[in-house]
Chemist: 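Provided herewith is a single structure, encoded as structure tokens, for subsequent inquiry.
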There are 4 protein chains.
Amino acid sequence: MRRKDDNKLTNIFDATLELVTSKGLSETSVSKIAKKANISSSTIYVYFESKEDLLIKLYVKLKKNMSKSIFDSIENSSEFKESFKILLNNFINYIIENPDIFLFIEQFNNSPLYNKIPQEYYDDLYQLHDSFYQKGKEQNLLKDVSIYLLTVYTYYPVVQLIKTYFSGEVELTDSNIESVLQMSWDAIKV
Amino acid sequence: MRRKDDNKLTNIFDATLELVTSKGLSETSVSKIAKKANISSSTIYVYFESKEDLLIKLYVKLKKNMSKSIFDSIENSSEFKESFKILLNNFINYIIENPDIFLFIEQFNNSPLYNKIPQEYYDDLYQLHDSFYQKGKEQNLLKDVSIYLLTVYTYYPVVQLIKTYFSGEVELTDSNIESVLQMSWDAIKV
Amino acid sequence: MRRKDDNKLTNIFDATLELVTSKGLSETSVSKIAKKANISSSTIYVYFESKEDLLIKLYVKLKKNMSKSIFDSIENSSEFKESFKILLNNFINYIIENPDIFLFIEQFNNSPLYNKIPQEYYDDLYQLHDSFYQKGKEQNLLKDVSIYLLTVYTYYPVVQLIKTYFSGEVELTDSNIESVLQMSWDAIKV
Amino acid sequence: MRRKDDNKLTNIFDATLELVTSKGLSETSVSKIAKKANISSSTIYVYFESKEDLLIKLYVKLKKNMSKSIFDSIENSSEFKESFKILLNNFINYIIENPDIFLFIEQFNNSPLYNKIPQEYYDDLYQLHDSFYQKGKEQNLLKDVSIYLLTVYTYYPVVQLIKTYFSGEVELTDSNIESVLQMSWDAIKV
DNA sequence: CATGAATGAGGATTCATTCAT
DNA sequence: CATGAATGAATCCTCATTCAT
């Protein structure tokens with residue numbers, strides 16, 4: 001791959017992330033992305049089939065990176081409960097340190113785009129999570145419900161809390177975080 | 001003067017609800033609403049100051065109705081845990097029986113409009129919930145966390161589950177629902 | 001005439017004058033006038049055939065009043081040159097004391113409306129001026145040019161000066177005014 | 001990329017000029033301009049930032065051309081009074097030969113747009129005039145008033161006369177013109 | 001690979017006016 | 001006399017995308 005092209009792609013992604021975060025998904029147009037990336041809007045169509053394609057690819061890339069980063073320090077040998085709390089803590093920290101990425105993902109999740117992600121990307125998105133919870137179930141530590149339900153109680157309350165935190169309506173104290181970790185665990189544990 | 005057509009307002013609300021549900025909030029334009037309601041788009045501005053005003057008023061109306069309906073059968077005398085499960089069950093049933101309303105509210109919650117709701121509507125939106133959880137806290141049945149956090153663990157996982165159910169990716173069995181009621185209670189109870 | 005109706009008409013005129021002055025002629029809509037006058041916009045059509053009709057009638061009324069006021073203190077017996085300077089001075093003072101009226105008239109003069117004034121109003125607008133200059137010509141004090149040309153050199157430079165003064169780009173000192181009186185007189189005198 | 005069609009810009013300017021002249025500034029919409037220029041209205045936004053931008057650029061271009069043309073034959077060596085009369089005569093001739101340009105400029109001057117001209121254009125608009133009158137003042141031929149006042153008495157009466165001529169209410173004879181030249185000179189000379 | 005030019009479709013909103021009461 | 005309701009036409013402008021170079 002040539003260096004120059006690499007930069008252009010990166011610029012497009014960066015500009016998109018910045019715009020969606022600052023102006024919102026619906027205010028992010030191709031021409032605004034192009035202007036921020038210092039390229040012609042038609043150049044975007046050299047790299048992506050459509051605006052939708054661009055947004056989906058950015059989403060998948062960001063979520064994949066996030067998953068890898070969060071699961072990175074989880075060791076197979078540790079106790080599951082411990083791992084769970086570390087995982088959720090990693091998630092919280094990642095979000096707080098990368099608010100742009102979080103806000104982009106959230107906007108995407110709640111847009112019609114979410115249902116247009118091609119199946120081929122599913123593994124990238126869910127595999128790490130699935131196998132983690134599978135392990136917990138095999139050890140009979142988790143309620144006998146679908147993995148999906150377990151992830152729902154793990155992530156969504158946290159996501160909501162932090163969204164509210166970002167909008168300034170709630171504080172995010174250590175005690176808050178500790179509560180959340182406990183509440184999520186209480187929800188899913190046997 | 002011409003007599004006001006009571007149906008017209010209803011038609012506008014209905015058309016809006018239908019469009020947001022089927023096409024999405026960002027694809028819902030004033031002219032599409034007007035066309036579906038069989039009126040001129042300028043007529044909408046007789047009833048509402050702006051598109052934003054229309055959407056907010058519809059949201060508040062729907063959410064108020066939903067709250068009333070959900071809390072209707074909750075009796076003060078019952079045991080709190082029992083009331084909680086009935087409440088959550090009512091919520092689930094209401095959503096399932098009124099998918100349009102649910103989908104509209106969800107889209108609205110996750111749009112920039114949510115932060116533009118005038119304060120004067122806050123009571124309509126939050127009062128019933130707040131006083132319910134307050135009662136549970138006074139009986140020392142709930143974790144010592146903010147009411148906000150309690151509602152987050154009550155509603156958001158359910159909301160997420162049902163959204164996934166509507167998108168066809170998950171089934172919604174009685175056992176599923178029973179699990180959810182239990183998980184939410186486990187999350188918030190002392 | 002009923003008192004109440006009188007007020008309504010006055011309110012419409014006042015609101016129109018205020019709006020044209022503050023927002024400009026093109027930003028003055030019937031509905032804005034109605035709102036400012038605290039009436040329904042359809043009520044305006046009880047008093048006037050159209051927006052155009054309203055504006056023209058207001059214009060004629062204002063200009064007639066101005067003419068009367070300016071010529072009021074001119075005495076037939078005085079020397080013409082003296083009368084001329086008093087007249088021009090009256091004009092300047094009237095404008096400065098009634099900037100709204102002046103700005104309205106100027107906007108009207110420079111709009112397509114000006115050419116739509118029905119002939120029947122011409123007398124109201126020009127008669128006093130015409131007969132004044134006629135007198136000067138009869139005394140052989142003025143250049144042998146059309147009365148129209150005389151009025152042009154009398155009023156328009158003054159109008160321009162004061163418009164620029166209102167826009168803040170120029171000061172309006174006594175010496176300035178004295179210069180203008182002299183320059184206008186030099187232009188038209190034999 | 002497609003090659004830029006030089007004619008397109010010209011077409012837009014021509015269409016705008018024609019419309020403002022025939023229908024008036026306030027009746028000149030972007031879509032009408034586009035239709036007359038045989039392009040899509042969105043194409044106009046390829047060449048100009050906004051309607052305002054288009055009108056200002058056209059105005060500056062026309063006025064610059066006019067200034068150049070009028071001052072073209074003025075020689076530094078001639079007597080000032082002679083130059084002045086030639087200049088004013090050139091102005092009159094230019095206007096009569098280019099009524100569209102004159103009417104456009106007049107409408108623009110009397111619209112809110114006039115106050116929105118960016119400072120960077122000021123030199124293009126005023127420099128030639130300013131330095132001309134400066135010369136006259138240095139020779140002590142002109143009244144001791146601001147240059148602004150001198151230009152007011154030079155141009156505005158002429159402008160007014162010709163506007164009335166165009167509207168058909170007055171004739172424009174050689175003797176008329178000769179009178180105007182004299183009256184303007186009498187107004188500004190010492 | 002890269003891009004400036006070009007566009008039809010559509011966006012929210014305001015307009016002057018008419019209508020029925 | 002007075003008016004609230006209703007509207008079709010029009011406003012400026014942005015959109016995602018395509019085209020020819």
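Hydrogens, waters and symmetry mates are skipped; everything else that's a heavy atom, side chains included, is used.
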Chemist: Do other residues, nucleotides or ligands put more than 12 heavy atoms under 6.0 Å from the CD atom of C:E49?
Modeler: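 Not more than 12 within 6.0 Å, no.
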Chemist: So, for D:F13 and D:Y47, is the gap between ring centers shorter than 6.0 Å?
Modeler: no
Chemist: Which of the following nucleotides, F:dT3, E:dA6, F:dA5, is nearest to the side chain of C:I39?
Modeler: F:dT3
Chemist: Side chains of D:S50 and D:E52: do they bring a donor and an acceptor to under 3.5 Å?
Modeler: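 Note: D:S50 and D:E52 side chains miss the donor-acceptor criterion.
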Chemist: Which helical stems does DNA chain E take part in, if a stem means at least 3 consecutive Watson-Crick or G-U pairs with both distances below 3.5 Å?
Modeler: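 Consecutive-pair runs (3 or more) involving DNA chain E: E:2-21 with F:2-21.
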Chemist: Give, for atom OG1 of B:T16 and atom CG of B:L54, the distance between the pair rounded to the nearest 0.5 Å.
Modeler: 4.5 Å
Chemist: Output yes when at least one side-chain N/O atom of B:Y47 is less than 4.0 Å from OP1 or OP2 of F:dG4, else no.
Modeler: no
Chemist: Under the side-chain contact (heavy atoms from CB on, under 4.5 Å) test against C:L103, which residue among C:T21, C:L25, C:N98 passes?
Modeler: C:T21
Chemist: Using whole Å, what does the distance between atom C1' of nucleotide E:dT3 and atom CG of A:N38 come to?
Modeler: 14 Å
Chemist: For residues 58-65 of chain D, please give each side-chain donor-acceptor pair under 3.5 Å, one per line with the distance, not counting sequence neighbours.
Modeler:
from	atom 1	to	atom 2	distance (Å)
D:Y59	OH	D:K63	NZ	3.2
D:Y59	OH	D:N109	OD1	2.6

Chemist: Could you measure the distance from the CG atom of B:L113 to the NZ atom of B:K51? Nearest 0.5 Å is fine.
Modeler: 8.0 Å
Chemist: Can you measure C:I33 atom CD1 to F:dA2 atom P for me and round it to whole angstrom units?
Modeler: 17 Å
Chemist: Given atom CZ of D:F48 and atom C1' of E:dA5, what is their separation to the nearest angstrom?
Modeler: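 That distance rounds to 14 Å.
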Chemist: Round to the nearest Å and state the distance from B:N7 atom CG to F:dA6 atom P.
Modeler: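 Rounded to whole Å, this separation is 11 Å.
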Chemist: To the nearest angstrom, how far is B:K35 atom NZ from F:dT7 atom P?
Modeler: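 Taking NZ of B:K35 and P of F:dT7, I get 15 Å after rounding.
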Chemist: I need the CG-P distance between A:N11 and E:dC1, as an integer number of Å.
Modeler: 16 Å
Chemist: Take B:L9 and B:F48, measure what side chain to side chain contact (heavy atoms under 4.5 Å, CB included) needs, and give me the verdict at the end.
Modeler: CA-CA 10 Å; B:L9 196 67; B:F48 303 98; 3.7 Å; yes
Chemist: Examine the side chains of B:K163 and A:N110 and answer whether a donor and an acceptor come within less than 3.5 Å of each other.
Modeler: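 There is such a pair (donor and acceptor under 3.5 Å, judged by atom type) between the side chains of B:K163 and A:N110.
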Chemist: State whether C:K8 places a side-chain N or O below 4.0 Å from either non-bridging phosphate oxygen (OP1 or OP2) of F:dA2.
Modeler: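 For F:dA2, OP1/OP2 do have a side-chain N/O of C:K8 under 4.0 Å.
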Chemist: Output one letter per nucleotide in nucleotides 9-16 of chain F: B when a protein non-hydrogen atom lies under 4.0 Å from the base, S when only the sugar-phosphate is that close, - when neither is.
Modeler: --SSBBBS
Chemist: Could you give the CG-to-C1' distance, from B:L19 to E:dG11, as a whole number of Å?
Modeler: 15 Å
Chemist: How long is the line joining CD1 of B:I12 and P of E:dA12, in whole Å?
Modeler: 14 Å
